[in-house]
Amino acid sequence: MTKSCKLRALDAIVESRALIKENSISMSEGCPNPECVPIVDASIKLRDGSILEVTKDEMKAALQYGETAGKPTLRKWLTEFQRRVHNPPTMDERGLPSSMDLIITSGCSESIDQTVDAIVEEGDAVITEEYLFPLIFLNTQTNGGRIITVKTDRQGMSSSDLDQLMSTWNELTDGKRPKVLYCISSGSNPVGITCSLARKQEIYQIAHKYDLLIMEDDPYYLLQFNKPNVASFLSLDVDGRVIRFDSFSKIITSGARLGYISGPKQLLDKLVLHMSSSTSSASCLVQIFVLKLLEYLGHDGYLRHGDDVSSLYHKNAISAHEIAKKHLEGLAEWSMPDGGIFIWLRILGIQDCSRIIANTAEKGVAILGGSALTPDKRKSNCLRISFSDQSKENFEKGFAILASAIKEEHDRMK
Ligand SMILES: Cc1ncc(COP(=O)(O)O)c(C=O)c1O
């Protein structure tokens with residue numbers, strides 16, 4: 001933990017809440033008068049036609065400040081869900097610092113930010129893959145930390161490269177020994193790879209040997225295309241060295257800004273202290289809406305919904321793959337993603353895609369370049385294509401325009 005994280009103390013107002021008994025006259029809080037709130041109750045209409053009612057009492061609670069770690073009822077539902085899906089070995093070790101706990105956040109973005117803030121300080125090294133959703137880079141670098149990259153192959157982060165890195169690390173020449181490894185386990189953003197179970201077991205053993213904390217960022221866990229889903233790092237965690245981030249963004253809605261962290265209680269307690277002085281808590285209103293939906297669906301229904309979303313994305317991925325073959329064969333290479341919402345293209349014969357991206361943008365097709373997904377914004381010949389929300393017609397048009405932009409770039413280089 002960072003020095004500032006160790007110094008974190010409970011806000012005295014939050015601390016004073018422990019003194020409030022069930023039916024106390026509470027003159028201590030700064031809560032607005034519920035009579036002034038214009039909203040009374042709500043009905044949520046679902047796609048299947050069902051109506052979920054948020055009663056007046058539920059709404060009254062949802063419209064006030066809530067517990068920093070999240071609504072106890074939502075935490076309980078999700079804790080049982082984690083047991084069902086990941087069965088974490090540390091879950092029932094009550095009272096140990098390594099026991100698994102679960103807190104609610106405003107999504108994986110906040111989970112990454114809070115965790116990095118608690119554990120990365122000046123000179124610390126964080127191990128990641130070469131191309132990644134960039135929040136881990138930005139947060140680590142903002143805290144004065146360094147990113148050390150390890151290669152990725154079809155099975156995920158290379159365990160042999162990781163072992164080589166850790167076994168040859170020299171603190172005199174390489175600086176502080178890495179203490180954290182960040183990994184997007186399933187259908188990775190951007191490369192679309194799911195880390196295999198065998199690879200996770202190897203990485204976990206290396207993490208155990210060199211005492212690394214594993215940050216498992218896994219918003220696409222339920223969106224794996226090959227079922228059953230590959231087990232998570234959390235499900236392997238006998239030491240209490242995994243902190244796992246889940247999100248409702250890709251399964252229910254990104255507008256909810258809601259996610260959760262599962263990990264060692266000792267660390268989560270510190271994150272809650274930080275949240276109490278920053279975000280305060282995820283929106284209570286959103287927590288109630290999502291909890292209503294989860295209670296309606298149950299664990300089985302939520303998993304079924306995840307499977308449905310995954311099937312839709314799998315279909316889109318196949319369309320994108322087939323249409324890309326038609327337009328891009330000989331110009332780019334790629335593999336069918338294992339899950340998530342991205343196809344990762346490597347453009348052939350080109351070192352830097354920036355002019356191609358500018359060219360397609362000019363012609364009305366937005367594509368993200370690999371450079372934006374590296375820790376140092378280095379030149380890249382890779383492109384990330386999202387297939388979550390595109391029609392076949394859009395893939396046809398988009399890939400045709402991309403193909404012509406690649407050919408124009410080849411011509412320019414002659
Ligand atoms: C790997 C990864 N982590 C985190 C996030 C952010 O998720 P959230 O919407 O829960 O903040 C994304 C979103 O695209 C992502 O791909």
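Numbering starts at 1 and runs along the sequence shown. The model shown is predicted, which means the values in this text are computed figures rather than measured ones. Start at 1 and go down the list; that is how both ligands and their atoms are numbered.
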*Which of the listed options, Ser109, Gly340, Ser185, holds the heavy atom that is closest to atom 11 (O) of ligand 1?*
Ser109
*Is it the side chain, the backbone, both or neither of Glu110 that has a heavy atom closer than 4.0 Å to ligand 1?*
neither
*asked:* Tell me the contacting part of Ser249 for ligand 1: side chain, backbone, both, or neither, using a 4.0 Å heavy-atom threshold, strictly below.
replied: side chain
*Does Tyr220 reach ligand 1, in the sense of a heavy atom lying below 4.0 Å from it?*
yes
*ligand 1 versus Phe248, non-hydrogen atoms closer than 4.0 Å: side chain, backbone, both, neither?*
neither
_Residue-ligand contact Pro219/ligand 1, heavy atom below 4.0 Å_ = yes
*Take Asp48 and Ser50 through the test side chain to side chain donor-acceptor pair (under 3.5 Å) and record every step on the way to the result.*
CA-CA 6 Å; Asp48 68 6; Ser50 315; 2.6 Å; yes
*Can you tell which of Lys176, Arg177, Arg146 makes a salt bridge (charged side-chain N to carboxylate O under 4.0 Å, His left out) with Asp124?*
Lys176
*Check each of Ser235, Ser262, Ser232 against Gln82 using the side-chain hydrogen bond (donor to acceptor under 3.5 Å, both in side chains) test, and report the only one that passes.*
Ser262
*asked:* If you measure every N or O of Cys108 against every N or O of ligand 1, does any of those distances drop under 3.5 Å?
replied: yes
*Under 30°, 30 to 60°, or over 60°: which ring-plane class applies to Phe387 and Tyr313, parallel, tilted or perpendicular?*
perpendicular
_Using modelled atom types and a 3.5 Å cut-off, is there a donor and acceptor pairing between side-chain atoms of Thr68 and backbone atoms of Ser276?_
no
*Aromatic Tyr221 / basic Arg244 pairing, under 6.0 angstrom, 45° off normal*: yes
